[in-house]
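I have placed the structure first, in the form of C-alpha coordinates, so that the comments after it can refer back to it.
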Amino acid sequence: MWFTIPFFLIILLIFAVVIFVIVWAIVKSAREKRNNEAAGHSATAARVFGKREEMRGGGETRIRTTYYLTFELEGGERKEFEVPSELYGLTAEGDTGTLRFMGTKFEGFDRHRNL
(Lines give C-alpha, C1' and ligand atoms only; values in the text may rest on other atoms or scores of the structure.)
Protein backbone atom coordinates (compact mmCIF):
# COMPACT_ATOMS: atom_id res chain seq x y z
CA MET A 1 0.00 0.00 0.00
CA TRP A 2 2.97 2.34 0.53
CA PHE A 3 3.59 2.61 -3.24
CA THR A 4 -0.02 3.60 -4.10
CA ILE A 5 0.21 7.26 -3.08
CA PRO A 6 3.50 8.01 -4.93
CA PHE A 7 2.18 6.14 -7.98
CA PHE A 8 -0.98 8.28 -8.09
CA LEU A 9 1.05 11.45 -7.50
CA ILE A 10 3.30 10.62 -10.45
CA ILE A 11 0.30 9.87 -12.69
CA LEU A 12 -1.35 13.12 -11.56
CA LEU A 13 1.87 15.06 -12.27
CA ILE A 14 2.16 13.57 -15.77
CA PHE A 15 -1.50 14.36 -16.45
CA ALA A 16 -1.02 17.96 -15.23
CA VAL A 17 2.04 18.44 -17.46
CA VAL A 18 0.17 17.14 -20.52
CA ILE A 19 -2.79 19.43 -19.82
CA PHE A 20 -0.42 22.39 -19.28
CA VAL A 21 1.36 21.76 -22.61
CA ILE A 22 -1.95 21.52 -24.49
CA VAL A 23 -3.31 24.73 -22.92
CA TRP A 24 0.01 26.52 -23.55
CA ALA A 25 -0.06 25.53 -27.25
CA ILE A 26 -3.65 26.76 -27.62
CA VAL A 27 -2.88 30.08 -25.92
CA LYS A 28 0.27 30.56 -28.01
CA SER A 29 -1.63 29.85 -31.23
CA ALA A 30 -4.46 32.22 -30.28
CA ARG A 31 -1.98 34.97 -29.36
CA GLU A 32 -0.15 34.61 -32.69
CA LYS A 33 -3.44 34.72 -34.60
CA ARG A 34 -4.55 37.84 -32.70
CA ASN A 35 -1.20 39.56 -33.35
CA ASN A 36 -1.36 38.68 -37.06
CA GLU A 37 -4.88 40.08 -37.36
CA ALA A 38 -3.85 43.25 -35.52
CA ALA A 39 -0.93 43.71 -37.95
CA GLY A 40 -3.32 43.86 -40.90
CA HIS A 41 -2.69 42.86 -44.49
CA SER A 42 0.55 44.03 -46.08
CA ALA A 43 1.69 43.97 -49.68
CA THR A 44 5.18 45.10 -50.61
CA ALA A 45 7.76 44.66 -53.33
CA ALA A 46 10.19 41.90 -52.41
CA ARG A 47 12.95 39.70 -53.77
CA VAL A 48 13.38 36.01 -52.95
CA PHE A 49 16.60 35.99 -50.96
CA GLY A 50 16.83 32.32 -50.01
CA LYS A 51 15.13 28.95 -49.98
CA ARG A 52 15.31 26.13 -47.48
CA GLU A 53 13.46 22.99 -46.57
CA GLU A 54 13.16 21.10 -43.33
CA MET A 55 12.40 17.39 -43.01
CA ARG A 56 10.91 15.84 -39.90
CA GLY A 57 10.09 12.26 -39.12
CA GLY A 58 11.49 9.07 -40.55
CA GLY A 59 12.01 5.67 -39.10
CA GLU A 60 8.60 4.52 -37.92
CA THR A 61 6.87 7.78 -38.87
CA ARG A 62 6.13 9.48 -42.15
CA ILE A 63 8.62 12.11 -43.30
CA ARG A 64 7.13 15.61 -43.50
CA THR A 65 8.89 18.30 -45.51
CA THR A 66 8.27 21.96 -44.71
CA TYR A 67 9.31 24.61 -47.22
CA TYR A 68 10.49 28.13 -46.41
CA LEU A 69 11.26 31.20 -48.52
CA THR A 70 13.19 34.20 -47.24
CA PHE A 71 12.18 37.51 -48.80
CA GLU A 72 14.12 40.75 -48.81
CA LEU A 73 11.76 43.71 -48.64
CA GLU A 74 12.29 47.15 -50.17
CA GLY A 75 13.89 48.61 -47.03
CA GLY A 76 16.38 45.74 -46.71
CA GLU A 77 14.43 43.87 -44.02
CA ARG A 78 14.27 40.10 -44.45
CA LYS A 79 11.32 37.90 -43.56
CA GLU A 80 11.04 34.13 -43.73
CA PHE A 81 7.71 32.38 -44.29
CA GLU A 82 6.55 28.79 -44.52
CA VAL A 83 5.17 28.38 -48.06
CA PRO A 84 3.27 25.71 -50.00
CA SER A 85 5.39 23.18 -51.89
CA GLU A 86 3.99 24.34 -55.25
CA LEU A 87 5.20 27.91 -54.73
CA TYR A 88 8.55 26.67 -53.41
CA GLY A 89 9.10 24.61 -56.55
CA LEU A 90 8.16 27.44 -58.92
CA THR A 91 10.27 30.10 -57.20
CA ALA A 92 13.98 30.73 -57.62
CA GLU A 93 16.37 32.86 -55.59
CA GLY A 94 16.45 36.34 -57.08
CA ASP A 95 12.83 36.33 -58.27
CA THR A 96 11.09 39.65 -57.67
CA GLY A 97 7.43 40.35 -57.09
CA THR A 98 4.81 41.43 -54.62
CA LEU A 99 4.79 39.72 -51.24
CA ARG A 100 1.48 39.59 -49.38
CA PHE A 101 1.46 38.75 -45.69
CA MET A 102 -0.35 39.43 -42.44
CA GLY A 103 2.05 39.62 -39.49
CA THR A 104 3.86 36.27 -39.52
CA LYS A 105 1.33 34.58 -41.82
CA PHE A 106 2.23 34.19 -45.51
CA GLU A 107 -0.60 35.01 -47.89
CA GLY A 108 1.03 34.95 -51.31
CA PHE A 109 3.80 35.99 -53.66
CA ASP A 110 3.02 37.31 -57.13
CA ARG A 111 6.15 37.01 -59.26
CA HIS A 112 6.99 39.69 -61.78
CA ARG A 113 8.03 38.29 -65.12
CA ASN A 114 11.50 39.33 -66.19
CA LEU A 115 11.72 38.96 -69.96
Side-chain angles (χ1 to χ4, degrees):
M1 199 68 176
W2 60 270
F3 67 92
T4 306
I5 293 174
F7 176 75
F8 284 120
L9 287 176
I10 291 172
I11 295 298
L12 183 63
L13 180 65
I14 291 171
F15 182 72
V17 168
V18 169
I19 294 298
F20 175 78
V21 169
I22 291 171
V23 169
W24 179 74
I26 291 169
V27 168
K28 182 179 174 185
S29 176
R31 184 179 301 137
E32 183 176 359
K33 182 178 179 180
R34 184 184 66 227
N35 290 341
N36 284 342
E37 289 173 354
H41 297 276
S42 297
T44 184
R47 177 177 69 94
V48 177
F49 184 78
K51 297 173 71 169
R52 76 177 178 96
E53 53 190 63
E54 180 178 82
M55 291 187 199
R56 293 185 187 157
E60 298 291 324
T61 62
R62 185 174 153 226
I63 294 177
R64 180 178 186 268
T65 305
T66 307
Y67 300 96
Y68 298 92
L69 290 177
T70 302
F71 296 93
E72 186 171 53
L73 308 181
E74 288 178 314
E77 179 185 6
R78 293 181 185 160
K79 290 187 174 277
E80 182 178 67
F81 295 99
E82 181 178 336
V83 297
S85 60
E86 296 81 16
L87 178 64
Y88 181 87
L90 294 173
T91 307
E93 289 183 19
D95 282 353
T96 59
T98 303
L99 172 65
R100 293 178 284 113
F101 61 97
M102 187 169 61
T104 60
K105 181 182 174 194
F106 176 81
E107 292 187 324
F109 179 65
D110 304 314
R111 270 188 321 151
H112 298 161
R113 294 188 65 189
N114 297 330
L115 298 174

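Keep in mind that this is a model prediction, so the values were computed, not measured.
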Nearest heavy-atom pair of Thr98 and Ala43: which atoms, and what distance?
CG2-CB, 4.2 Å
Mind checking whether Phe81 and Phe71 have parallel, tilted or perpendicular rings, split at 30° and 60°?
tilted
Have Thr66 and Arg64 got a donor and an acceptor in their side chains that come within less than 3.5 Å?
yes
Contact check, side chains of Lys51 and Glu93, non-hydrogen atoms, under 4.5 Å:
yes
Counting N and O atoms only, with roles assigned by atom type, does the side chain of Thr91 sit under 3.5 Å from a partner on the main chain of Leu87, one being a donor and the other an acceptor?
yes
Polar side-chain atom of Lys79 near backbone of Leu73 as donor-acceptor pair, under 3.5 Å
no
Provide the closest heavy-atom pair for Glu82 versus Phe106 in the form atom of the first, atom of the second, distance.
O-CB, 3.7 Å
In Å, rounded to the nearest 0.5 Å, how long is the span from CD of Glu107 to CZ of Phe101?
9.5 Å
Nearest 0.5 Å please: distance from the CG atom of Leu99 over to the CD atom of Glu72.
12.0 Å
Roughly how far, to the nearest 0.5 Å, is the CZ atom of Phe109 from the CZ atom of Arg100?
10.5 Å
Might you point out which heavy atoms bring Glu74 and Thr44 nearest each other, and give the distance in Å?
OE1-OG1, 3.6 Å
Linked, directly or transitively: Ile19 and Val27 (ILVMFWY side chains, under 4.5 Å)
yes
Might you point out which heavy atoms bring Leu69 and Val48 nearest each other, and give the distance in Å?
CD2-CG1, 4.2 Å
Please report the interatomic distance CG(Asp110) to OG1(Thr96), rounded to the nearest 0.5 Å.
11.5 Å
NZ of Lys105 to CD of Glu32, rounded to nearest 0.5 Å, is 10.5 Å
Give, for atom CG of Leu9 and atom CZ of Phe7, the distance between the pair rounded to the nearest 0.5 Å.
11.0 Å
